[in-house]
S.K.: 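To start, I am sharing the structure in question, which I have written as structure tokens.
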Number of protein chains: 2
Amino acid sequence: MAGKAAPLYRKVAGDLRAAITAGEYGSGARLPAEDELARTYGVSRGTIRQALGALRTDGLVTSRRGARRVVLGGGGARLQSFEELRSFARWARSQGEEPGGRTVAVDPGQATEEEAYHLRLPVGERIFRVLRVRTLSGVPVMVERTTYPERVGELVAAMDPGLASHADELEAHGVLFSDALHTIDVVPADAADAELLGCRAGDGLLRERRRSTDPAGLPVEWSQDRYLPGTVAFTVRNSSGSRAMGRSLNGS
Amino acid sequence: MAGKAAPLYRKVAGDLRAAITAGEYGSGARLPAEDELARTYGVSRGTIRQALGALRTDGLVTSRRGARRVVLGGGGARLQSFEELRSFARWARSQGEEPGGRTVAVDPGQATEEEAYHLRLPVGERIFRVLRVRTLSGVPVMVERTTYPERVGELVAAMDPGLASHADELEAHGVLFSDALHTIDVVPADAADAELLGCRAGDGLLRERRRSTDPAGLPVEWSQDRYLPGTVAFTVRNSSGSRAMGRSLNGS
DNA sequence: GAGTGGTCTAGACCACATC
DNA sequence: ATGTGGTCTAGACCACTCT
């Protein structure tokens, strides 16, 4: 079964990515020139540039006008290359971990001002609040509090409480996750966190708040995840050219 | 004095960005088609696409084949748009805060295995370790432990201990920061952190570890910053198309 | 001065959304 | 059926790096 034909530039990017991680181009090595790559792959320079652009935002190579591109990545060691927007379950599987989830509560309700703001709904609109505990290989590592707009919440409410991945199930129902804005900080565990995660109240937890939207720009979730210290870390790459990250004051 | 001529696509991107934040296109509004923008700006469609690509990675607009682009950003409210790779001092100033710094210690030494790995140097190579306390409006908010390769460390060692921005000074000496890989997690404060930040040992601190490289791909610093809870949060955007972020196991 | 990446153009075809 | 964005081509000129 042939998959849906990938664009040319993705094939080229995949090839180069593989060549780099396979060690054909070590750290600090210089890539072939764009014109040369265009000849060897039999495509135009524009396509090569599109592929190299992807490697650039992945942080695998640098580029500066006038000089050959230089390989940045792993000096022999593995530097995990992260793709796309990933749900907890998908990320866990990609790490060779077994993701689990237990839905503690699903409550319909009316949007507070904060929820309404993040979901772009009128205050008081019907929403669903879901509280879940997420596990890796059976060990609780994260508490997830998510607010869904009604149309999405209804789907979630109907799911098996032990389902490992809500995201997969939602996509099967046509709810797609396209863009997300994340805010990461530290917050003390409250009583509920402490009980669910088996830590002490007041312990510092790694918090990720996230608003996700579908391809049309409609918010599909507003979530607040709290991770036990030492279980996960977040990684971000950025470049002078491709702005992808920032700090912000307070946790507001 | 005319500034160095900005590329066309940046002007277009700036124009559109301004139009969006000025409210000409509210949240959910549809942008003009690429062809129309190309005509109104008198440039080719490729240039328009380059500009729109920048807005896309900024998280200002979505895009899907077949449909007009949709504005994502703030529903009337300010959604701070972060640019580029920023030093602590520059970021603070952009937030209207007064950044400060106090260099506690500068020690020449030999690279440990970890330092050597991150700076891509042989173990035992000469490096400089710098310990600084960073303040906002005079209040300590962060402890910064940075390891520099010798050529950079020598410059830092010669700087005024009260200098607010090492990055500005380094750039003036031709040391440029181009790419960075950040890892964010939570770590308990040690005795030194507690004293310098005025918290208790064991308190959870927000930790950012960072390796920065120059435009040629050479590492220029390996840093570990520890922030007092509640002082800063990190924000990240990502999309299905432009991969920019990931989680990783452990803090290793 | 030769090589290389950054920018820009003018056109083409296709897949998908929308009406 | 039409409009729109995604992909691709083939050229061009310039700014910069390297030697």
Side-chain angles (χ1 to χ4, degrees), chain A residues 2-14 16 28-57 60-72 174 176 178-179 214-218 239-242, chain B residues 2-14 16 28-57 60-72 174 176 178-179 214-218 239-242:
Chain A
K4 29 181 52 174
L8 263 182
Y9 78 90
R10 280 201 192 281
K11 298 198 177 195
V12 174
L16 291 173
R30 284 163 27 168
L31 286 184
E34 294 177 355
D35 281 334
E36 190 181 334
L37 288 171
R39 277 194 304 275
T40 59
Y41 282 99
V43 300
S44 82
R45 188 179 159 220
T47 301
I48 293 294
R49 282 183 63 77
Q50 222 173 333
L52 289 172
L55 297 193
R56 172 83 209 267
T57 64
L60 283 179
V61 301
T62 10
S63 70
R64 34 206 280 256
R65 176 157 41 191
R68 285 270 186 88
R69 285 188 168 76
V70 171
V71 175
L72 285 179
L176 301 178
S178 169
D179 293 82
D214 68 12
L218 265 58
S239 313
S240 315
S242 75
Chain B
K4 29 180 51 174
L8 264 182
Y9 77 91
R10 280 199 192 282
K11 299 198 176 194
V12 174
L16 291 173
R30 285 162 27 166
L31 286 184
E34 294 178 355
D35 281 334
E36 189 181 333
L37 288 172
R39 277 193 303 274
T40 60
Y41 282 99
V43 300
S44 81
R45 188 180 160 220
T47 300
I48 293 294
R49 282 183 63 77
Q50 222 173 332
L52 290 172
L55 298 192
R56 173 84 209 266
T57 63
L60 284 179
V61 301
T62 9
S63 69
R64 33 205 281 254
R65 175 155 45 189
R68 285 270 185 88
R69 284 189 168 75
V70 170
V71 175
L72 283 179
L176 301 178
S178 168
D179 292 83
D214 69 13
L218 264 58
S239 313
S240 316
S242 74

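Computed from heavy atoms alone, side chains included, the values below leave out hydrogens, waters and symmetry copies. Just so it is clear: chains get the letters A, B, ... in the order the sequence lines come, proteins before strands, and each one is counted from 1.
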S.K.: Nearest of C:dG5, D:dG5, D:dC8 to any side-chain atom of A:Ser44?
M.R.: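 Of all the options, the side chain of A:Ser44 is nearest to D:dC8.
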S.K.: What is the nucleic acid contact for B:Arg49, judged by heavy atoms within less than 4.0 Å: base, sugar-phosphate only, or nothing?
M.R.: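 Base contact.
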S.K.: Compare every heavy atom of A:Ser178 with every heavy atom of B:Thr62, then report the nearest pair and how far apart it is.
M.R.: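 In this case the closest contact between B:Thr62 and A:Ser178 is CG2-OG, 4.2 Å.
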S.K.: Using whole Å, what does the distance between atom C1' of nucleotide D:dG3 and atom CG of B:Leu31 come to?
M.R.: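 So the CG-C1' distance, B:Leu31 to D:dG3, works out to 16 Å.
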S.K.: Rounded to whole Å, how long is the line connecting atom CG of A:Leu176 with atom P of C:dC16?
M.R.: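 Distance, rounded to whole Å: 13 Å.
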S.K.: What integer distance in Å separates A:Leu37:CG from C:dG3:P?
M.R.: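 From A:Leu37 CG to C:dG3 P: 17 Å.
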S.K.: Output the distance between atom CG (B:Asp179) and atom CG (B:Leu218), rounded to the nearest 0.5 Å.
M.R.: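 Going from CG on B:Asp179 over to CG on B:Leu218, the span is 12.0 Å.
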S.K.: Which atom pairs link the protein and nucleotides 11-13 of chain D when you take only N or O atoms and keep those under 3.5 Å?
M.R.:
{"from": "D:dA12", "atom 1": "N6", "to": "A:Arg45", "atom 2": "NH1", "distance (Å)": "3.1"}

S.K.: Between atom CG of B:Asp214 and atom CZ of A:Arg64, what is the distance when rounded to the nearest 0.5 Å?
M.R.: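 It comes to 7.5 Å.
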S.K.: Phosphate oxygens OP1/OP2 of D:dG6: is one of them under 4.0 Å from a side-chain N or O of A:Arg10?
M.R.: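 For A:Arg10, the contact criterion (side-chain N or O under 4.0 Å from OP1 or OP2 of D:dG6) is not met.
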S.K.: Roughly, in whole Å, what's the span from CZ in A:Arg65 to C1' in D:dC16?
M.R.: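 About 6 Å, once rounded to whole Å.
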S.K.: May I have the step-by-step check of side chain to side chain contact (heavy atoms under 4.5 Å, CB included) for A:Leu16 and A:Leu55, ending in yes or no?
M.R.: CA-CA 8 Å; A:Leu16 291 173; A:Leu55 297 193; 3.7 Å; yes
S.K.: Given C:dG5, C:dA17, D:dT9, which nucleotide is nearest the side-chain atoms of A:Thr47?
M.R.: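 Shortest atom-to-atom distance from the side chain points to D:dT9.
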S.K.: Looking at residues at least two apart in the chain, or sitting in another chain, which of them share a side chain to side chain contact (heavy atoms under 4.5 Å, CB included) with A:Leu31?
M.R.: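 For A:Leu31, the residues satisfying side chain to side chain contact (heavy atoms under 4.5 Å, CB included) (neighbours in sequence not counted) are A:Tyr25, A:Leu52, A:Val61, A:Arg69, A:Val71.
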S.K.: Starting at atom CG of B:Leu52, determine the distance to atom P of D:dG6, rounded to an integer number of angstrom.
M.R.: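 Rounded to the whole Å, the gap is 9 Å.
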S.K.: Should A:Arg64 be listed as having a side-chain N or O under 4.0 Å from OP1 or OP2 of C:dG3?
M.R.: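 So the side-chain polar atoms of A:Arg64 never come under 4.0 Å of the phosphate oxygens OP1 or OP2 of C:dG3.
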S.K.: How many Å lie between CG on B:Asp35 and P on D:dG6, as a whole number?
M.R.: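 B:Asp35 atom CG is separated from D:dG6 atom P by 12 Å.
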S.K.: Mind checking the CD-CD1 spacing from A:Gln50 to A:Ile48? Nearest 0.5 Å is all I need.
M.R.: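 These two atoms lie 10.5 Å from each other.
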S.K.: Return the minimal non-hydrogen interatomic distance between A:Ala13 and A:Ala51, and the atom names on each side.
M.R.: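 Closest pair (atom of A:Ala13, atom of A:Ala51, distance): N-CB, 3.7 Å.
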S.K.: Taking only side-chain N and O atoms of B:Arg30, does any of them lie within less than 4.0 angstrom of OP1 or OP2 on D:dG3?
M.R.: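 For D:dG3, neither OP1 nor OP2 has a side-chain N or O of B:Arg30 closer than 4.0 Å.
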S.K.: Give one of base, sugar-phosphate or nothing for A:Arg68, where a contact means two heavy atoms less than 4.0 Å apart.
M.R.: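 A:Arg68: backbone/sugar contact only, no base atoms under 4.0 Å.
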S.K.: So B:Leu8, base contact, sugar-phosphate only, or nothing? Heavy-atom distance under 4.0 Å.
M.R.: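 The residue B:Leu8 makes sugar-phosphate contact but no base contact.
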S.K.: From B:Glu34 CD over to B:Arg39 CZ, what is the distance, rounded to the nearest 0.5 angstrom?
M.R.: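 Output value for this atom pair is 12.0 Å.
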S.K.: B:Tyr9 side chain N/O closer than 4.0 Å to the phosphate oxygens (OP1, OP2) of C:dT7?
M.R.: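 Result: yes.
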S.K.: Can you work out whether A:Gln50 or A:Ala67 has the more 5'-proximal nearest nucleotide on DNA chain D?
M.R.: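 Looking at the nearest nucleotide for each, A:Gln50 comes out on the 5' side.
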S.K.: B:Arg39 CZ to D:dT4 P: how many Å, rounded?
M.R.: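 Rounded to the whole Å, the gap is 9 Å.
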S.K.: What integer distance in Å separates B:Glu34:CD from D:dG3:C1'?
M.R.: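 Going from B:Glu34 (CD) to D:dG3 (C1'), I get 12 Å.
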S.K.: Is the phosphate of C:dG6, meaning OP1 or OP2, less than 4.0 Å from a side-chain N or O of A:Ser63?
M.R.: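 Checking A:Ser63 against C:dG6: at least one side-chain N or O falls below 4.0 Å of OP1 or OP2.
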